[in-house]
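All remarks here apply to the structure that follows.
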There are 2 protein chains.
Amino acid sequence: MNLRIAIFDDNKNIRESISLLLRTVPNFQVVGTFSHVLDCVDDVKECNPDIILMDIEMPGMTGIEAVKVIKGQLPHVQILMQTVFEDDDRVFDSICAGASGYILKNHLNTKLIDAIKELQFGGSPMSPSIARKVLNKMQSVSSAIKPEEAPDYHLTPREKEVLSCLVNGLSYKMIAADLYISYETVRSHVKKIYEKLHVASLTEVVAKAINQRIV
Amino acid sequence: MNLRIAIFDDNKNIRESISLLLRTVPNFQVVGTFSHVLDCVDDVKECNPDIILMDIEMPGMTGIEAVKVIKGQLPHVQILMQTVFEDDDRVFDSICAGASGYILKNHLNTKLIDAIKELQFGGSPMSPSIARKVLNKMQSVSSAIKPEEAPDYHLTPREKEVLSCLVNGLSYKMIAADLYISYETVRSHVKKIYEKLHVASLTEVVAKAINQRIV
DNA sequence: GATAGTATCCCCACATTTGGTGATTGATTA
DNA sequence: TAATCAATCACCAAATGTGGGGATACTATC
């Protein structure tokens, strides 16, 4: 079974030399090379690659934007960024856009072949410095990854509904109208919420609800 | 210049075989092997390694907790997780604790040597499946990584102070007391904030302030 | 069949917030 | 020097939220 590869790079020499290199590998098949990504979705649909090598700097639209649109329409395609840039912004933007690997252009040849093979078998090849950046980033956003488990305040479903209305800025009246209950019922729920969250004002409720992701 | 390596693993055979393996590499120096991490900080201070190989499952304290305390006290040490576990929790916990690499135990020998060398030169070696997990995680928390740049509401410093008081649940009166200004002045600031944020209630202010990280 | 919990509703009195309009001072800037 | 803006303070009237009661109906669950 052949591995179908497409290449997006605005530099003709690079396209051709990568193409030549990959053709020497058994089972690798270069099914398309493109100098820009303006028609990338059509191009990709046309040549139907398993893996895409994507440069970043290209005329008209960047490779990062291309990753986003391609993954949006063809999520099964694996995309390997291959670029000279290693600034945080471009690295993380690429990854968030959906790239499955990121290698730098400085040391080509065998590394590239290994990277493609790694990608083929479910890995995510990254140049060493990129991998380090990624791990450091993970650590710096660890609060988003491992949210310290929010205490459970045992809010009832209805109370949670009311709470989320409050967080959306609705007044008691509006909540009453929204949930088809009376103003006084809203008050009852809010009182309960105050008790359960140990707070004494709407602002505290909202702050606590958002910060502890209760909503 | 030698590379000093310490090994934490509760399995004696593994400690010894890794130790033997690493001793065959020029410039590698195994400076300590330990069967548990209960005294890890002392152990590490004692043998002063550049790189630590850390298993996860050990008696008394897990390798992940050990990473946390070691990195807390000796942040310059590079720690390479080396384990059989590849569940998301342990992987991300290890990384968030401060590990600089994560490789699986199934394919030892040369891979391990390469990983240590990669770590030595500022990389973050990961087994392919681990790297994939990490990239996927990055994508799933992309909102935390690339917060869509909050619009600037041109709040004055004083207004920001008042705003953060509001977010902390203080009433107008309390804010007045806190900032040594009159109740009416607080009101003026709040009115301005309402205008600038285009909202009409405290709850909306608080929600917007927190969600858009204005505070 | 008693108990506990949820969801619904009501009243009173008081506190707080809100929407107006308007004013003074000092600093910065055009 | 005139204009702008931040920061301060004031008053009025109306709307909204808060704290304390209490009540009913329905579901579970023991």
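In the text below, chain A, chain B and the rest are named by the order of the sequence lines, each starting its count at 1.
When side chains are defined from C-beta on, I103(B) does not count as touching I130(B), because their heavy atoms never get closer than 4.5 Å.
Across the protein-nucleic acid pair, L179(A) atom CG and dC9(C) atom C1' stand 15 Å apart, rounded to whole Å. Distance E195(A) CD to dA7(C) C1': 15 Å, rounded to the nearest Å. Atom CG in L166(A) sits roughly 15 Å away from atom P in dT16(D) (whole-Å rounding). The distance between atom NZ of K173(B) and atom C1' of dG17(D), rounded to the nearest whole Å, is 14 Å. Rounded to an integer number of Å, the gap from I181(A) CD1 to dA25(D) C1' is 16 Å. Atom pair E204(B):CD and dG17(D):P shows a separation of 11 Å (rounding to whole Å applied). In this structure, K192(A) atom NZ and dG21(D) atom P are separated by 13 Å, rounded to whole Å.
Note on K173(A) versus D178(A): no salt bridge recorded, every NZ/NE/NH1/NH2 to OD/OE distance being 4.0 Å or above.
Looking at T203(B) and S201(B), their side chains do bring a donor and an acceptor atom within 3.5 Å of each other. Between the side chains of S188(A) and T185(A), no donor-acceptor pair is found at a separation under 3.5 Å. E86(A) and S129(A) are linked by a side-chain donor-acceptor pair at a separation below 3.5 angstrom, with hydrogens and angles left out of the test. No side-chain donor-acceptor contact under 3.5 Å links E16(A) and S19(A).
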Under-3.5 Å N/O pairs linking protein and nucleotides 18-24 of chain C:
residue : atom : partner : partner atom : Å
dT18(C) : OP1  : Y194(B) : OH           : 2.6
dT18(C) : OP1  : L202(B) : N            : 3.1
dT18(C) : OP2  : Y172(B) : OH           : 2.3
dT18(C) : OP2  : Y194(B) : OH           : 2.5
dT18(C) : O4   : R187(B) : NH1          : 3.4
dG19(C) : N7   : R187(B) : NH2          : 2.6
dG19(C) : O6   : R187(B) : NH1          : 2.5
dG19(C) : O6   : R187(B) : NH2          : 2.8
dG20(C) : O6   : K191(B) : NZ           : 2.3
dT21(C) : O4   : K191(B) : NZ           : 3.4

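In this structure, K196(B) and L170(A) both approach DNA chain D, and ranking their closest nucleotides by distance from the 5' end singles out K196(B).
Atoms CG and OG, from L80(B) and S100(B) in turn, are 8.5 Å apart once rounded to the nearest 0.5 Å.
Between Y172(A) and Y183(A), the ring-plane angle classifies as tilted under the 30° and 60° cut-offs.
The salt bridge (Lys or Arg N to Asp or Glu O under 4.0 Å) test applied to R132(B) returns no partner, not counting sequence neighbours.
The phosphate of dC9(D) has OP1 or OP2 within less than 4.0 Å of a side-chain N or O from T185(B). Between S171(B) and dT16(C) there is no side-chain N or O to OP1 or OP2 distance below 4.0 Å.
The stretch residues 152-161 of chain A touches DNA chain C through T156(A), P157(A), R158(A), each having a heavy atom within less than 4.0 Å of the strand.
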